[in-house]
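Here the structure is laid out as structure tokens; the discussion comes afterwards.
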Amino acid sequence: MRRSDRAATVPAVPMDTFQSLLAKKLSDALARAGLPEVGELTQATDPRFGDYQSNVALVFGKQRGENPRALAEKIVAHLDVDEFCGRPAVAGTGFINFTLRQAAVEKQTLEVLQDDRLGVAETESPRRIVIDFGSPNVAKPMHVGHIRSTVLGDALARVAKFLGHEVIRDNHVGDWGTQFGMVIWGWKNLLDRQALQRNPLAEIVRVYKETNERASRDTEVREACRQELVKLQAGDKENTDIWNECVAFSMQDFERVYKLLDIRYDLQCGESFYNDQLPNVVDRLLKAGIAEISEGAVVVFFRDDPDLADKPLIIRKRDGGFNYATTDLATIDYRVNELKADTIWYVVGAPQTLHFKQIFAVAQREGYTVDVRHVTFGSVLGEDRKLMKTRSGENVPLRELLEEACRRARKIIDEKNPDLSEDEKNDIAEKIGIGAVKYADLSQYRTTDYIFSWYKMLSLHGNTAPYLQNAYVRIRSIFRKAGAIAVATPLWGVGAAQYEEAGHRPVATAFTLTEPTEINLAKRLCQFAEIVPQVLNGFRPNILANYLFELANSFHAFYEACPVLKSEEPARSSRLMLSDLTARVLQRGLDLLGIKVPERM
RNA sequence: GUGCCUGUAGCUCAACCGGAUAGAGCUUCUGACUUCGGAUCAGAAGGUUGGGGGUUCGAAUCCCUCCAGGCACGCCA
């Protein structure tokens, strides 16, 4: 049975997780015990406490002034969870602990194995989410500063999509603003055409930097730049053409990075896209009495908001020009009214917190009900704990950094697996190098700054992408070997296609788990469906990364203790299925983080 | 000056709308290989969660205060 066929024959009933099943049972028991039916139930914090735990008795005990242990006993008496676990234990000051029955684990794992979504249910309340991430600036190369927004935004988009939300990925490119006065003046006065042909963006950057420097010490140059900007904004043909060319060159450069990173966008509506809407935004806000004129500029004051009372927001400068606050307000309008978004996530660094507070406050005053969230993140630091820069103090170009990652990965492959073909080595090096960079970022909580270390991210040991990729590779190796010795086995997953190619027809069967490491691994596999939705709760891909790391650990422990191919049936089939499912969860989980897995490495 | 963020093992990090004895990895040390990829596994050592108060059955988590670092605060984006 092809996986695609199976999808057609198995009805798409969303799977329950142990957590949701037990939570429902707990809720029933609370009702029978005459208590409010709200109670949380989480994965156990420690294996000593079983698999799941609830502290409802502690919470209710406090609220009602009753003894929590007695309450816990009362709740347990009403609990009917025999299908999944033995009698729940009351422990500590009143925790209720649940330990799964092996039969229930075997049954659940089988269902996960048969599910294309690996047990992950789609959301019951799908939303249309615009995710604003990346946002590089035209006429500047992408640098390390862009990596977190890009990688984090992409991962959130992948997870949201997988959970059934409608996702619109929008690249809010910085393609407008005062820097273009300098770019255009430089283009007209300093441009080296040959250099432009060789490396367009590098030449544009050189010209921009030199102009910037001249303008800082020469008022005439500064004034000339300002004039070029005015002409551009007035629609001057020559300047518009130059601007268009700069944008095109920059976009080409971005695309190369996106190809390496495997990032795609649904929309790339840069700042300039909103130009013709900016006067409307200001008029609207003035008419509504939200904005007012102050010292010649149009400004929004938040006098009744203690946090923002002394932090006005300028939406039109004294000289009549607009700034990025105006653009951001026009952008919200477009996303709500044209794109019909009900949710917008801004994956933008923490320094802009105040700006977004102000923007969101204005939108709220205008009556927008869209759910807007600023997803912040910390900085990328060098090993000296300062903002990561090159030796000469410049930003590190992102493309060079990514290429360096692939080079370093390639070197490791040359050492470990020299016999692979050149093409395969390059392909693997890219998967490992890019994966390592992404994983180093995503495996850490987003708001903390992180220290960029080649040594750590490319290590085969510890919580790294190469370690997880290696776990996958080992499993695939088992299946290559199994195929070679030609044994029929019941599989539905990744391995199934291979078996079919070898002429073996998979047959359905059950798990038979005997060893502690097998049971532990199976439980872990069932948790995938509980973990994935949590990623969006607080925008934390790192909890998925941590889960995958623990899964790989559990697999390795199993692998160490349990021979797969050399074992007797039914353990052999059961272990092959466990291995196959582990590979699929690793592959899917890493895919949700935007990381690819190689077949060998 | 005002506001926001950060401070957890030697190092890099988890755990955060309060929950059980604060967990991993790296490093160090001790074990396990005629290995289905040892690129592994099992174990040990390592802590006054920046300091001090407070709230309560319970605090890394919430409140106050101090210290240290970072960031932002009207015409850049």
Side-chain angles (χ1 to χ4, degrees), chain A residues 42 44-46 48-49 53 55 58-59 61-62 67-68 91-95 97 135 137 174 176-179 271 294-301 306-319 321-325 327-328 349-355 357-358 376 378-379 381 383 385-387 412 415-417 440 443-445 447-451 453 455-456 459-464 466-467 469-471 473-482 485 517 537-538 542-543 545-546 549-550 553 555-567 575-576 579 600-601:
Chain A
T42 59
T45 53
D46 189 300
R48 289 194 308 268
F49 307 138
Q53 65 181 47
N55 63 359
L58 293 165
V59 174
K62 185 170 191 169
N67 181 313
T93 49
F95 292 92
N97 292 336
S135 310
N137 291 312
W176 201 251
T178 46
Q179 81 268 26
E271 292 170 346
S294 165
E295 296 175 34
V298 180
V299 182
V300 178
F301 290 97
D307 285 348
L308 299 174
D310 58 343
K311 309 265 191 279
L313 178 71
I314 292 174
I315 57 172
R316 197 179 69 198
K317 297 184 285 187
R318 197 192 313 217
D319 67 4
F322 304 103
N323 53 23
Y324 81 138
T327 307
D328 278 344
Q352 295 200 36
T353 302
L354 174 61
H355 169 72
K357 259 189 194 167
Q358 293 173 316
T376 62
S379 314
L381 307 180
E383 310 237 16
R385 283 200 142 272
K386 294 185 177 157
L387 275 182
I412 297 170
E415 285 169 19
K416 299 281 187 183
N417 221 337
S443 60
Q444 193 162 324
Y445 182 59
T447 62
T448 43
D449 293 345
Y450 91 89
I451 296 174
S453 160
Y455 171 76
K456 277 176 184 151
S459 168
L460 290 318
H461 307 281
N463 191 5
T464 65
Y467 173 80
Q469 288 165 324
N470 180 56
V473 164
R474 287 182 113 181
I475 297 170
R476 302 300 294 133
S477 175
I478 294 176
F479 284 95
R480 276 195 297 275
K481 188 152 246 175
I485 58 177
T517 54
N537 178 17
N542 67 309
I543 67 174
N546 290 341
F549 176 59
E550 285 168 4
N553 280 336
F555 174 77
H556 277 130
F558 153 79
Y559 181 89
E560 197 74 15
C562 302
V564 177
L565 296 176
K566 290 176 189 160
S567 58
R575 288 172 183 178
L576 274 165
S579 303
R600 301 167 214 267
M601 63 191 277

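Per chain, numbering begins at 1; letters A, B, ... match sequence-line order. As the structure is a computational prediction, the values presented were derived from the model and not from experiment.
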Closest-nucleotide ordering on RNA chain B, the 5'-leading residue of A:K317 and A:N55:
A:N55

Hey, which of these two, A:R316 or A:T448, hits RNA chain B nearer its 5' end, going by closest nucleotide?
A:T448

Measure from the side chain of [X], starting at C-beta and using heavy atoms only, and say which of [options] lies closest.
X: A:L58; options: B:A14, B:G19, B:C71; result: B:G19
X: A:H556; options: B:C76, B:C41, B:U12; result: B:C41
X: A:F301; options: B:C41, B:C73, B:G74; result: B:G74
X: A:A557; options: B:G74, B:A72, B:C41; result: B:C41
X: A:Y455; options: B:U12, B:U27, B:A14; result: B:U27
X: A:Q352; options: B:G18, B:A77, B:A15; result: B:A77
X: A:I451; options: B:U12, B:U40, B:C76; result: B:U12
X: A:N137; options: B:A20, B:A77, B:G19; result: B:A77
X: A:L565; options: B:C36, B:U2, B:C75; result: B:C36
X: A:D310; options: B:C41, B:U2, B:G74; result: B:U2

Go ahead and name the base partner of [N]; Watson-Crick or wobble counts if both distances stay under 3.5 Å, otherwise write none.
N: B:U6; result: B:A68
N: B:U21; result: none
N: B:C73; result: B:G1
N: B:U56; result: none
N: B:G43; result: B:C29

Looking at A:L381 and A:L387, what are the two nearest heavy atoms and their distance?
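Reported closest heavy-atom pair: CD2-N, 3.8 Å.
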
In whole Å, measure the gap between the [atom1] atoms of [N] and [M] for me.
N: B:G3; M: B:G47; atom1: P; value: 37 Å
N: B:U28; M: B:C11; atom1: C1'; value: 13 Å
N: B:U65; M: B:G74; atom1: C1'; value: 33 Å

OP1 or OP2 of [N] versus the side-chain N and O atoms of [X]: is any pair under 4.0 Å?
X: A:Y467; N: B:C41; result: yes
X: A:R385; N: B:G70; result: no
X: A:N546; N: B:A24; result: no
X: A:H461; N: B:U40; result: yes
X: A:K566; N: B:C36; result: yes
X: A:N542; N: B:A15; result: yes

Check the side chains of A:N546 and A:Y445 for a donor-acceptor pair under 3.5 angstrom, ignoring hydrogens and angles.
no

Stacking between [X] and the base of [N] (centre distance under 5.5 Å, interplanar angle under 30°)?
X: A:Y559; N: B:C36; value: yes
X: A:Y445; N: B:A14; value: no
X: A:F95; N: B:G19; value: no

In terms of relative ring orientation, are A:Y324 and A:H355 parallel, tilted or perpendicular, with 30° and 60° separating the classes?
parallel

Specify whether A:Y559 and A:F555 have parallel, tilted or perpendicular ring planes, treating 30° as the upper limit for parallel and 60° as the lower limit for perpendicular.
tilted

Given the structure, check if the side chain of [X] and the base of [N] hold any donor-acceptor pair shorter than 3.5 Å.
X: A:K62; N: B:G58; result: yes
X: A:E271; N: B:A77; result: no
X: A:S294; N: B:G74; result: yes

Among A:V300, A:V298, A:V299, find the one that has a side-chain contact (heavy atoms from CB on, under 4.5 Å) with A:I314.
A:V299

Which part of the nucleic acid, if any, lies within reach of A:N67 when heavy atoms closer than 4.0 Å are counted: base, sugar-phosphate only, or nothing?
nothing

Give a yes or no on whether the backbone of A:R600 and the side-chain of A:R476 come within a donor-acceptor separation of less than 3.5 Å.
no

For the backbone of A:L460 and the side chain of A:T464, can you confirm whether one donor and one acceptor N or O come within less than 3.5 Å of each other?
no

Would you kindly give the [atom1]-to-[atom2] distance between [X] and [N], to the nearest whole Å?
X: A:H355; N: B:G74; atom1: NE2; atom2: C1'; result: 14 Å
X: A:N463; N: B:U27; atom1: CG; atom2: P; result: 14 Å
X: A:Q358; N: B:C76; atom1: CD; atom2: P; result: 15 Å
X: A:D46; N: B:U21; atom1: CG; atom2: P; result: 11 Å

Flag the pair A:F322 / A:E271 as yes when at least one side-chain heavy-atom distance between them is below 4.5 Å, and no otherwise.
no

